[in-house]
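Single-structure report; data block below.
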Amino acid sequence: MATIDPADLGVFLAIARHGSFRRAAAELGVTPSALSHSMRLLEERLGVRLFNRTTRSVALTEAGGRLFGRVNPAFRDIHDAIDELNIFRDRPFGTLRLNAPRLCARLVLMPLLTRFMAAYPDIRVELAVSDALVDIVTDGFDAGIRFGENIAADMLTVPIGPRHAFAVVGSPGYFARHGRPQDPRELRDKPCIRFRFLGGGLYAWEFERGGEEVSVEVDGPLTLSEQDLMLEAALDGAGMAYLFEAQARAHLASGALIRVLEDWCPHYPGFYLYYPSRRQMPAPLRSFIDYSRGAESSRE
């Protein structure tokens, strides 16, 4: 068998992680056609097909899946070995790869990352924004950010950013037409803007006061899967929306939105950074965790 260049295996891993020649090419800084040519040559050298390609998708073959399962951990070990050299440097270096939902990236992560990069100029950050649930290990991320209850039990977690509360909001015109609810159960009889998860399920609005928990399946003429659009719709008077308090804060201060049921909307722990348990934590991730903890302590 012909000698295989490790760089070609790195290309193979990038395509496998992304399931796309275009996205892998963007990560590696080359053209999709160059990646496709490299993969054809690698498959010819190995004598097996690694990917099934169509005009719309790229998927691993059985042989490709088996190769990925063996090679990906080995490349991770190489990455960790190189990263250990950070202990001999005055300042850590490397790339920190994060995955976060859109709203978390806007409300929590970007302000923190801007200050972090100023403090650690030798660390580069790649942030992938997606509301879909991803496998951060398979997709090559060092860590992800989610609400605590959505994190797999085998992950290590660190709180990141402030605590959050939700807010039920609507425009002044909306409340002039429909009145203000005094109890969460009254929401069932008023037009609300519903939220649908990417997986297809509808979110039931959750409330708690004095130990009493209430879950309400609201109804209304508009259903959205993007919280920023829900905010815009609430501003336009389309219905009440259930949003992060931080999203609506400026509009509440200006009077463009009115908040109701505030005493039924307690604060929650907020977002968590999560990462796999590994013998050697990458130095950029370790630096980011330490920095975020310091930022949280100064906020307190």
Side-chain angles (χ1 to χ4, degrees), residues 17-20 22-23 26 56-57 98-111 126-136 138-139 141 143-152 155 160-161 164-171 173-174 178 181 184 187-208 214-252 256-261 264-265 267-274:
R17 285 197 306 268
H18 290 288
S20 164
R22 179 180 57 81
R23 291 194 293 270
R56 295 186 177 182
S57 66
L98 300 173
N99 180 280
R102 188 180 311 276
L103 202 58
C104 171
R106 181 173 299 163
L107 296 179
V108 175
L109 204 52
M110 284 308 301
E126 294 182 12
L127 172 61
V129 177
S130 172
D131 292 328
L133 299 179
V134 302
D135 185 331
I136 61 170
T138 300
D139 291 350
F141 295 105
I145 295 92
R146 292 184 199 161
F147 250 4
E149 64 268 25
N150 293 325
I151 298 174
M155 292 286 171
I160 185 169
H164 286 277
F166 287 98
V168 180
V169 300
S171 68
Y174 171 88
H178 299 283
L187 295 171
R188 297 188 180 100
D189 301 320
K190 297 182 182 295
C192 296
I193 302 166
R194 302 191 299 173
F195 177 78
R196 188 179 295 279
F197 294 106
L198 292 179
L202 287 167
Y203 177 66
W205 296 11
E206 298 172 293
F207 301 93
E208 188 272 327
V214 177
S215 178
V216 181
E217 295 183 1
V218 298
D219 198 5
L222 181 61
T223 301
L224 299 169
S225 60
E226 169 60 58
Q227 290 227 340
D228 285 342
L229 292 179
M230 294 175 67
L231 174 61
E232 293 181 22
L235 287 166
D236 290 338
M240 278 183 285
Y242 190 75
L243 305 169
F244 281 101
E245 181 184 51
Q247 276 183 279
R249 189 170 293 137
H251 300 291
L252 293 170
L257 289 176
I258 294 172
R259 184 174 185 177
V260 296
L261 301 174
W264 281 94
C265 297
H267 281 81
Y268 295 93
F271 293 98
Y272 284 82
L273 181 140
Y274 67 100

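Both backbone and side-chain heavy atoms feed into the values below; hydrogens, waters and symmetry mates do not. All residue numbers in this chain count up from 1 along the given sequence.
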Answer yes or no: is there a side-chain heavy-atom contact under 4.5 Å between P181 and M240?
-> yes

Find the distance between CH2 (W264) and CG (L187) and round it off to the nearest 0.5 Å.
-> 11.0 Å

Could you label the plane-to-plane angle of the Y203 and F197 rings as parallel, tilted or perpendicular, counting under 30° as parallel and over 60° as perpendicular?
-> perpendicular

Any V129 side-chain heavy atom under 4.5 Å of R106 side chain = no

Contacts of type ring-ring contact (aromatic ring centres under 6.0 Å, His included), residue H18, not counting sequence neighbours | none

May I ask you to decide if the ring planes of Y242 and W205 are parallel, tilted or perpendicular, using 30° and 60° as cut-offs?
-> parallel

Between E226 and R102, is any pair of side-chain heavy atoms under 4.5 Å apart?
-> yes

Using a 4.5 Å cut-off on heavy atoms from C-beta on, say whether the side chain of F166 contacts that of E206.
-> no

Please list, chain by chain and in numerical order, all residues satisfying ring-ring contact (aromatic ring centres under 6.0 Å, His included) with H178, sequence neighbours excluded.
-> Y174

Grab the two heavy atoms, one from G237 and one from S171, that are nearest each other, plus how far apart they are.
-> CA-OG, 3.4 Å

Atom of P221, atom of P191 and distance for their closest heavy-atom approach = CD-CB, 4.2 Å

Can you tell me how far OG1 of T223 sits from CZ of F195, rounded to the nearest 0.5 angstrom?
-> 11.0 Å

Heavy atoms, side chains only, cut-off 4.5 Å: are M230 and L243 in contact?
-> yes

Near E217 CD, under 6.0 Å, is it more than 12 heavy atoms from other residues, nucleotides or ligands?
-> no

Step by step, would you call E245 with C265 a side chain to side chain contact (heavy atoms under 4.5 Å, CB included)?
-> CA-CA 10 Å; E245 181 184 51; C265 297; over 6 Å; no

Taking all heavy atoms of P184 and all of V216, pick out the closest pair and write down the distance.
-> O-CG2, 3.6 Å

Considering all heavy atoms of both residues, which atom of L109 and which atom of A100 are nearest to each other, and what is their separation?
-> CD2-CB, 3.8 Å

Identify which one of L103, V169, L252 satisfies the side-chain contact (heavy atoms from CB on, under 4.5 Å) criterion when paired with Q247.
-> L103

Between atom CZ of F244 and atom SG of C104, what is the distance when rounded to the nearest 0.5 Å?
-> 8.5 Å

In this structure, CD1 of I193 is separated from CG of L229 (nearest 0.5 Å) by 10.0 Å

Of the non-hydrogen atoms in I145 and Y274, which two are nearest, and what is the gap between them?
-> N-CE2, 3.5 Å

D219 and R188, any side-chain heavy atoms less than 4.5 Å apart = no

Which distance, rounded to the nearest 0.5 Å, do you find between the CG of L107 and the NE2 of H164?
-> 6.0 Å

Closest heavy-atom pair, I136 versus G144, reported as atoms and distance to 0.1 Å, is CD1-N, 4.0 Å

Interatomic distance, CZ@R249 vs CG@L257, rounded to 0.5 Å, equals 13.0 Å

